[in-house]
Amino acid sequence: MNLFIALYISFASLVFGIDEAEIVFVGDAMQHQGQLDAARQGKNYSYDGMLDALQPIIGIADYAVVNLETPIGKPPHTGYPCFNAPTEFVDALANAGFDMMLTANNHTLDRGARGLRSTIDELDKRGLAHLGTYHNDSARAKELPKVVTVNNMKIGFLNYTYGTNGIEPRDGVVVDYIDKKKILSDMETLRNAGAELTVVAVHWGDEYHLLPNAAQRRLADFFEALGVDMVIGSHPHVIQPMEFRPNRYHPERNFLLVYSLGNFVSNMKTADTRGGAMTQVRVKRDERGHPRVESAAYRLVFTIPGTSPAENYRVLEADSVRHPSWQGKAQEFSRRARAIFDKHNINVPEAGH
């Protein structure tokens with residue numbers, strides 16, 4: 001490094017603060033009936049132990065984001081097909097270290113406008129950031145732009161879904177559906193608010209397909225052309241490939257594309273749907289003081305039930321599963337996921353490998 005560069009970096013450190021942060025993204029946090037039954041304790045619920053194994057990874061991150069794929073409301077609490085989880089589920093996610101809950105997904109209207117509003121209210125009571133659904137238009141205008149300062153870097157977030165299982169928003173509630181005109185306007189608003197990096201979390205794709213469809217690829221190209229820094233996908237309930245590379249339209253920026261993180265916690269039955277991926281993203285100011293996505297890596301996770309009906313489901317790193325009834329499925333999930341990632345990922349390796 002020559003003297004000029006060294007002096008410039010020192011100056012940039014003083015003016016900008018050459019900052020660095022890790023952001024963790026995970027997939028769908030679901031509550032099927034088996035999970036509810038295991039967590040129920042009389043009229044209350046306890047999720048003790050559910051995320052203990054991953055809390056050190058989530059908690060140490062500078063910011064952590066999860067897709068909350070269930071309304072949160074009053075009893076009766078139900079699983080598929082019409083979800084409604086207790087507030088203790090949100091508490092467990094928050095206690096593990098999640099900072100933001102994404103709510104624009106196909107189950108957000110499972111309990112109608114009342115369930116959507118209840119979910120937002122419970123997140124607000126806990127001081128948790130959330131994105132994608134709103135009490136009404138004026139609430140959306142107040143909530144957006146969503147720009148979060150993480151280690152002195154301003155990161156803007158947006159969240160959209162392809163649909164809501166045919167249930168229409170009523171009584172004034174707002175769901176952010178995928179709409180290019182709206183996305184263009186929201187991106188402009190984010191940048192005008194000072195967002196230095198942008199994240200679009202999008203609920204899209206075909207369920208149970210391990211590769212993205214043509215519509216996902218076209219929309220990903222649209223996001224890349226807009227200069228979005230990170231696109232984080234959910235909905236298929238299985239993993240799909242990840243790409244990290246220079247943006248083809250804006251070569252001064254890097255582009256992270258995660259087609260699907262799969263399930264984070266669920267009671268879905270097949271090996272592919274029982275697991276998912278965590279993506280650990282490193283963002284950093286460059287020598288000019290501009291934040292960039294520096295790198296990304298993934299970890300595989302897998303959900304297992306308790307050893308008794310009253311013991312909670314637990315989310316573990318997939319390779320650590322030793323449960324005699326689930327070790328084989330965890331290994332099958334890992335083998336199939338790694339085969340997809342090894343073949344299709346671009347510059348997103350497995351963490352620690």
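These numbers come from a predicted model, not from an experiment.
Under the 4.5 Å side-chain criterion, counting only non-hydrogen atoms from C-beta, Thr103 is in contact with Leu123. For the pair Ile304/Leu316, a side-chain contact is recorded, criterion being any heavy-atom separation below 4.5 Å from C-beta on. Put simply, the side chain of Met187 reaches to within 4.5 Å of the side chain of Val228, judged on heavy atoms. Residues Leu116 and Val175 are in side-chain contact: their nearest non-hydrogen atoms beyond the backbone lie under 4.5 Å apart. Counting only heavy atoms from C-beta outward, the side chains of Glu317 and Leu54 approach each other to under 4.5 Å. In this structure, Ile155 and Val199 have side chains that are in contact, with non-hydrogen atoms separated by less than 4.5 Å. Proximity of Tyr259 to Ile239: side-chain heavy atoms (C-beta onward) are nowhere separated by under 4.5 Å. Between Glu243 and Phe255, the closest side-chain pair of non-hydrogen atoms is not below 4.5 Å.
Counting heavy atoms of neighbouring residues, nucleotides and ligands inside a 6.0 Å radius, atom CG of Leu184 exceeds 12 of them. Atom CZ of Arg336 has 12 or fewer neighbouring heavy atoms from other residues, nucleotides or ligands inside a 6.0 Å radius. Applying the 6.0 Å contact sphere to OH of Tyr80 captures no more than 12 heavy atoms from other residues, nucleotides or ligands. Within 6.0 Å of CZ on Arg170 lie no more than 12 heavy atoms contributed by other residues, nucleotides or ligands. In Lys74, the NZ atom is not crowded: 12 or fewer heavy atoms of neighbouring residues, nucleotides or ligands sit closer than 6.0 Å.
Closest heavy-atom contact between Val66 and Ala29: CG2-CB, 3.8 Å. Across all non-hydrogen atoms, the minimal contact from Leu68 to Phe89 is CD1-CE2, 4.0 Å. Taking each heavy atom of His250 and Glu224 in turn, the nearest pair found is CD2-O, 3.6 Å. Taking all atoms of both residues into account, the shortest heavy-atom contact from Ala193 to Val147 is CB-CG2, 4.0 Å.
Side chain of Arg245 to main chain of Asn254: no donor-acceptor pair is present (N/O by atom type, distance under 3.5 Å, no hydrogens or angles). In this structure, Thr164 contributes its side chain and Ile167 its backbone to a donor-acceptor pair below 3.5 Å. Between the side chain of Thr108 and the main chain of Ala104, no donor-acceptor pair closer than 3.5 Å is present. In this structure, Gln31 contributes its side chain and Ala85 its backbone to no donor-acceptor pair below 3.5 Å. At distances below 3.5 Å, not a single donor-acceptor pair connects side-chain atoms of Thr149 with backbone N or O atoms of Met153. For the pair Glu20 (side chain) and Arg285 (backbone), a donor-acceptor distance under 3.5 Å is absent. At least one donor-acceptor pair under 3.5 Å links the side chain of Asn345 to the backbone N or O of Met242. Within the 3.5 Å criterion, the main-chain N or O of Ser325 finds a donor-acceptor partner in the side chain of His323. Put simply, the side chain of Asn106 never gets that close to the backbone of Asn165: no donor and acceptor are under 3.5 Å apart. Between the Arg322 side chain and the Asp319 main chain, a donor and an acceptor come within less than 3.5 Å of each other.
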query = Run the side-chain contact (heavy atoms from CB on, under 4.5 Å) check on Arg126 and Met101 step by step: do they pass?
reply = CA-CA 12 Å; Arg126 290 156 176 78; Met101 311 275 170; over 6 Å; no
Asn267 and Arg274: side-chain hydrogen bond (donor to acceptor under 3.5 Å, both in side chains), yes or no, with the steps?
-> CA-CA 7 Å; Asn267 191 33; Arg274 199 77 182 192; 2.9 Å; yes
Q. Yes or no on side-chain contact (heavy atoms from CB on, under 4.5 Å) for Asp206 and His235, after CA distance, side-chain angles and deciding distance?
A. CA-CA 8 Å; Asp206 296 322; His235 175 62; over 6 Å; no
Practice task
Apply the test side-chain hydrogen bond (donor to acceptor under 3.5 Å, both in side chains) to residues His130 and Asp124: give CA-CA distance (whole Å), side-chain angles for both, the deciding distance (0.1 Å), then the verdict.
Solution key: CA-CA 8 Å; His130 54 85; Asp124 283 342; 2.7 Å; yes
**Request:** Could you walk me through whether Val173 and Arg117 pass the side-chain contact (heavy atoms from CB on, under 4.5 Å) test, one step at a time?
**Result:** CA-CA 8 Å; Val173 299; Arg117 289 190 169 122; 3.4 Å; yes
- Start with the C-alpha distance between Val283 and Leu197, add both sets of side-chain angles, then the distance that settles side-chain contact (heavy atoms from CB on, under 4.5 Å), and finish with yes or no. CA-CA 9 Å; Val283 297; Leu197 290 167; 3.9 Å; yes
Run the numbers on Tyr249 and Asp221 for side-chain hydrogen bond (donor to acceptor under 3.5 Å, both in side chains), then give the verdict. CA-CA 10 Å; Tyr249 304 93; Asp221 187 70; 2.6 Å; yes
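The pair Arg292-Glu252 fails the salt-bridge criterion, with no side-chain N (NZ, NE, NH1 or NH2) lying under 4.0 Å from an Asp/Glu carboxylate O. In this structure, Arg288 pairs ionically with Asp286, as a charged nitrogen and a carboxylate oxygen lie closer than 4.0 Å. Taking the charged nitrogens against the carboxylate oxygens, Arg191 and Glu188 have no contact shorter than 4.0 Å, which rules out a salt bridge. A salt bridge does not link Glu350 to Arg299: none of the charged nitrogens lies less than 4.0 Å from a carboxylate oxygen. In this structure, Arg114 does not pair ionically with Asp171, as no charged nitrogen and carboxylate oxygen lie closer than 4.0 Å. Between Glu22 and Arg282 a salt bridge is recorded (basic side-chain N to carboxylate O distance below 4.0 Å). Comment: Arg314 does not engage Asp52 in a salt bridge, judged by the lack of any side-chain N to carboxylate O separation of less than 4.0 angstrom. Looking at Arg140 and Asp137, no side-chain N of the basic residue comes within less than 4.0 Å of a carboxylate O on the acidic one, giving no salt bridge. Taking the charged nitrogens against the carboxylate oxygens, Asp19 and Lys284 have no contact shorter than 4.0 Å, which rules out a salt bridge.
Residues Val238 and Val258 share a hydrophobic cluster, clusters being chains of Ile/Leu/Val/Met/Phe/Trp/Tyr side chains in contact below 4.5 Å. Clustering ILVMFWY residues whenever any of their side-chain heavy atoms sit less than 4.5 angstrom apart, transitively, puts Val293 in a cluster other than the one holding Val24. Leu256 and Leu261 fall within a single hydrophobic cluster, where Ile, Leu, Val, Met, Phe, Trp and Tyr side chains are chained together by heavy-atom contacts under 4.5 Å. Hydrophobic clustering (ILVMFWY, side-chain heavy atoms < 4.5 Å, transitive): Met100 and Leu128 are in distinct clusters. By the rule that hydrophobic residues join a cluster once side-chain heavy atoms approach within less than 4.5 Å of another member, Val202 and Tyr134 end up as members of separate clusters.
Residues forming a ring-ring contact (aromatic ring centres under 6.0 Å, His included) with Tyr298 (at least two apart in sequence, or on another chain): Phe341. With sequence neighbours excluded, the residues satisfying ring-ring contact (aromatic ring centres under 6.0 Å, His included) with Tyr45 are His77.
In this structure, Phe25 has its ring center at least 6.0 angstrom away from the ring center of Phe264. In this structure, the ring of Tyr63 has its center less than 6.0 angstrom from the ring center of Phe157.
Classification of the His203-Tyr162 ring pair by plane angle, with boundaries at 30° and 60°, yields parallel. Using the six-membered ring where Trp is involved, Phe302 and Phe333 have ring planes that are tilted, between 30° and 60° apart.
A cation-pi arrangement is found for Lys180 relative to Phe222, the charged atom lying closer than 6.0 Å to the ring centre and inside a 45° cone about the ring normal.
If you check the side chains of Arg111 and Thr119, you find no donor sitting under 3.5 Å from an acceptor. Using modelled atom types and a 3.5 Å distance limit, the side chains of Tyr160 and Asp186 yield a donor-acceptor pair. Side-chain atoms of Thr270 and Asp272 form no donor-acceptor pair, as typed in the model, at a separation below 3.5 Å.
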